[in-house]
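Below: the structure, in structure tokens.
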Amino acid sequence: MVNARAPKISGSQPKIRRLEDAAINRIAAGEVVERPASAVKELVENAIDAGARKISIAVAEGGKRLIRVEDDGCGIAEDQLQLALSRHATSKIDGSDLLNIHTFGFRGEALASLAAVGRLSVTSRSEGCDAAVLEAAAGTVGPVRPAARGLGTTVVLQDLFFATPARLKFLRGERGEMRAVTDAVKRLAMSEPYTGFELLVDHADAPHKVFAVHAETGDPVQALSGRIQAVLGKEFIENAISIDAERGGLHMTGFAALPTYSRGSAVHQHFFVNGRPVRDKLLIGALRAAYSDVLSRDRHPAAAIFIDCAPTMVDVNVHPSKSEVRFREPGEARGLVVSGLRHALAEAGHRSSSTIATDALGAFRATPGEARVYQMDQRSGRGNAQVAEQEPHGDGGILRDLDLAAAGRVDSVDAESEELDSPLGAARAQFHENFILAQTRDGIILVDAHAAHERIVYEKLKTQLAEAGVARQALLVPEIVELGEKAAEILERAEDLLALGLSIEPFGQGAVAVQETPAILGQVDAARLLKDIADELEAGGSSGTLKTRIDAVLSRIACHGSVRTGRLMRAEEMNALLREMESTPNSGQCNHGRPTYVELKMRDVKRLFGRR
């Protein structure tokens with residue numbers, strides 16, 4: 001049995017001693033260099049800080065055997081190479097102001113840490129100096145020697161963690177580490193569009209190029225768009241909306257995907273603060289909150305978001321890896337992301353992702369009985385059950401067994417009709433008593449009438465609620481909720497709860513009295529609601545819990561108040577629905593993130609019949 005009172009340090013009188021420099025460097029390296037991708041990140045960031053316009057990275061065995069980074073930056077002077085491998089030696093700050101940081105690196109730990117756990121070679125030449133090379137292994141640094149190289153720096157790291165073999169056991173396989181290296185390079189490439197990047201796998205026979213992008217040209221917006229397309233793909237750019245918003249000294253730009261282009265995981269979310277790639281919980285939560293009204297919980301938005309501000313407004317010295325940041329005003333940062341993205345999504349109107357048409361073509365070609373899966377439902381783990389619920393009865397394709405005699409129908413559409421020029425065209429027929437077939441100048445559109453009308457009604461209800469406010473119902477007897485001093489204080493400072501229909505008052509130490517609750521919620525478990533709000537306020541600086549619950553009720557009301565499947569619609573009603581969709585924010589997807597319509601161009605329709 002372990003004695004809980006026994007000292008952790010053995011010996012009668014433990015002595016305090018100073019660790020050797022080698023041990024200090026290896027401990028520090030454990031914080032800075034977690035895996036090969038961390039080493040690549042540190043070296044590439046150094047190259048960017050040096051003003052490089054072309055950076056080449058080569059790795060072998062996922063970076064465990066070899067990492068080589070070459071750049072055409074300003075280089076390191078021969079007489080400063082020894083100092084460059086010393087701990088806490090840097091040219092990027094003078095130490096007087098740790099908040100006014102304009103570079104990626106500033107701690108002066110990367111090269112010293114890499115030299116402590118691997119075999120490091122640095123070859124460099126700066127303007128007006130001769131090239132020189134310096135080698136180090138397991139913390140032992142050799143002499144500076146002459147070398148041959150053009151302007152810039154080449155850093156070669158071999159046998160990573162050979163000096164700390166226990167660390168090797170915690171690394172993934174070659175494929176997993178290579179994937180992490182590629183992700184790190186791609187994130188840095190997105191942050192620096194005016195710099196070219198090349199990533200190679202160093203094979204014995206010949207190097208294999210994994211990733212390469214050329215330096216972009218043009219204004220910052222064009223350069224960023226070109227680089228995002230090169231890294232994330234043309235499909236992402238085609239299905240994304242541009243963002244440009246400001247708030248409280250913070251400026252947000254970038255691209256966010258349409259809700260119908262959602263993904264099955266959060267790996268397609270990229271955040272940059274003053275150009276630095278970060279993984280910040282506050283920003284991730286804000287992105288989720290911005291899409292909460294247009295996505296189901298098991299779907300994740302794709303986005304590349306850049307936030308720029310004065311360096312003094314954000315602390316990047318939170319962790320040695322510099323992948324976490326702390327905003328001076330976290331509420332402002334979260335509010336910017338939520339409001340900026342929601343505004344951009346609303347401006348997108350009825351727009352839906354282009355990938356839906358491709359999935360629809362695949363559905364037409366599917367064998368009878370095979371359930372169709374929209375892009376947003378692929379790889380989600382939900383299976384096809386929810387998709388099947390949206391489909392007409394029967395085991396055929398969308399148009400199979402179409403009975404126009406029993407459906408709502410428009411006998412003809414004037415070729416000069418202005419409705420044909422509308423984004424969603426002119427209604428031609430209703431089939432299976434729910435779906436609308438519309439015609440445009442260059443194609444056809446299939447609309448899920450119930451889903452579309454549900455979104456329209458929902459948006460109207462939200463607008464009415466915003467204009468008239470949330471009605472409150474007074475409790476006959478105020479409910480006393482014990483929360484603890486900290487949570488009670490947080491709730492008492494919350495200013496937006498009353499506007500959302502929740503009225504509370506202090507009631508002694510660590511307790512509050514609930515006087516009124518939102519009438520639309522009906523009977524409320526006040527204690528549970530307040531605890532959820534307090535937890536969210538403590539974690540993110542603001543709460544969306546109450547608003548989310550109100551929106552959920554409005555969504556249910558909208559569902560029951562919209563056009564029901566089974567009702568025949570007249571031509572005027574169908575066209576009126578199409579026009580309302582065109583003018584309603586977020587009408588391209590239903591309240592659960594599924595598409596409300598599918599557009600097929602004539603070239604797509606002709607392909608179905610083998611015509612050109």
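The shown structure was predicted, so the numbers you read here are calculated from the model rather than taken from an experiment.
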[X] versus [Y]: any side-chain heavy-atom pair under 4.5 Å?
X      : Y      : result
Gln589 : Pro259 : yes
Asn586 : Leu345 : yes
Ile284 : Leu282 : no
Val201 : Met178 : yes
Thr182 : Arg179 : no
Val314 : Arg326 : no
Lys64  : Leu160 : no
Arg328 : Cys309 : no

Evaluate His270 against Met190 for side chain to side chain contact (heavy atoms under 4.5 Å, CB included), listing each step before the verdict.
CA-CA 9 Å; His270 305 278; Met190 283 190 280; 3.5 Å; yes
Any luck finding a side-chain donor-acceptor pair between [X] and [Y] under 3.5 Å?
X      : Y      : result
Thr154 : Arg149 : yes
Glu198 : Ser56  : yes
His208 : Asp202 : no

Which atoms form the tightest heavy-atom contact between [X] and [Y], and what is the distance?
X      : Y      : result
Ile241 : Ala348 : CG2-CB, 4.0 Å
Gly73  : Leu151 : O-CG, 3.7 Å
Asp308 : Gly275 : OD1-N, 4.1 Å
Ala136 : Leu85  : CB-CD2, 3.8 Å
Phe170 : Ala166 : CD1-O, 3.3 Å
Leu295 : Ser262 : CD2-CB, 3.6 Å

Got more than 12 heavy atoms from elsewhere within 6.0 Å of CG, Asp244?
yes
Does a sphere of radius 6.0 Å around NE2 in His343 hold more than 12 heavy atoms from other residues, nucleotides or ligands, not counting ones at 6.0 Å or beyond?
no
Do we get Arg279 above Phe271's six-membered ring, with its NZ or CZ under 6.0 Å from the centre and within 45° of the axis?
no
Identify whether NZ of Lys or CZ of Arg in Arg276 sits under 6.0 Å from the centre of the six-membered ring of Phe272 and within 45° of that ring's axis.
no
[atom1]/[X] to [atom2]/[Y] distance, rounded to the nearest 0.5 angstrom?
X      : Y      : atom1 : atom2 : result
Leu66  : Arg68  : CG    : CZ    : 5.5 Å
Arg594 : Thr260 : CZ    : OG1   : 12.5 Å
Asp71  : Leu43  : CG    : CG    : 10.0 Å
Glu42  : Ser113 : CD    : OG    : 8.0 Å
Asp183 : Leu188 : CG    : CG    : 11.0 Å
Leu120 : Leu134 : CG    : CG    : 8.0 Å

Before you tell me yes or no, could you show the steps for Ile76 and Ser126 under side chain to side chain contact (heavy atoms under 4.5 Å, CB included), namely the whole-Å CA-CA distance, both residues' side-chain angles and the distance that decides it to 0.1 Å?
CA-CA 5 Å; Ile76 305 173; Ser126 60; over 6 Å; no
Could [X] and [Y] be called an ion pair, given the rule that one side-chain N must be under 4.0 Å from one carboxylate O?
X      : Y      : answer
Lys54  : Asp72  : no
Arg334 : Glu332 : no
Arg145 : Glu135 : yes
Arg172 : Glu177 : no

Would a distance-only check, ignoring hydrogens and angles, find a side-chain to backbone donor-acceptor pair under 3.5 Å from [X] to [Y]?
X      : Y      : answer
Glu34  : Ala39  : no
Tyr291 : Leu258 : no
Ser124 : Gly152 : yes
Ser225 : Val221 : no
Ser292 : Ala289 : yes
Arg227 : Pro193 : yes
Gln82  : Asp79  : no
Asp159 : Phe162 : no

Take Leu287 and Gln269 through the side chain to side chain contact (heavy atoms under 4.5 Å, CB included) test and state the conclusion after the steps.
CA-CA 9 Å; Leu287 177 64; Gln269 297 173 3; 3.5 Å; yes
Which of these, [options], sits in a side chain to side chain contact (heavy atoms under 4.5 Å, CB included) with [X]?
X      : options                : answer
Phe327 : Val273, Leu336, Asp315 : Val273
Val122 : Leu157, Val156, Thr153 : Thr153
Val231 : Phe197, Phe236, Phe211 : Phe211

Evaluate side chain to side chain contact (heavy atoms under 4.5 Å, CB included) for Phe306 paired with Leu224, printing each intermediate quantity in order.
CA-CA 10 Å; Phe306 297 76; Leu224 179 60; 3.4 Å; yes
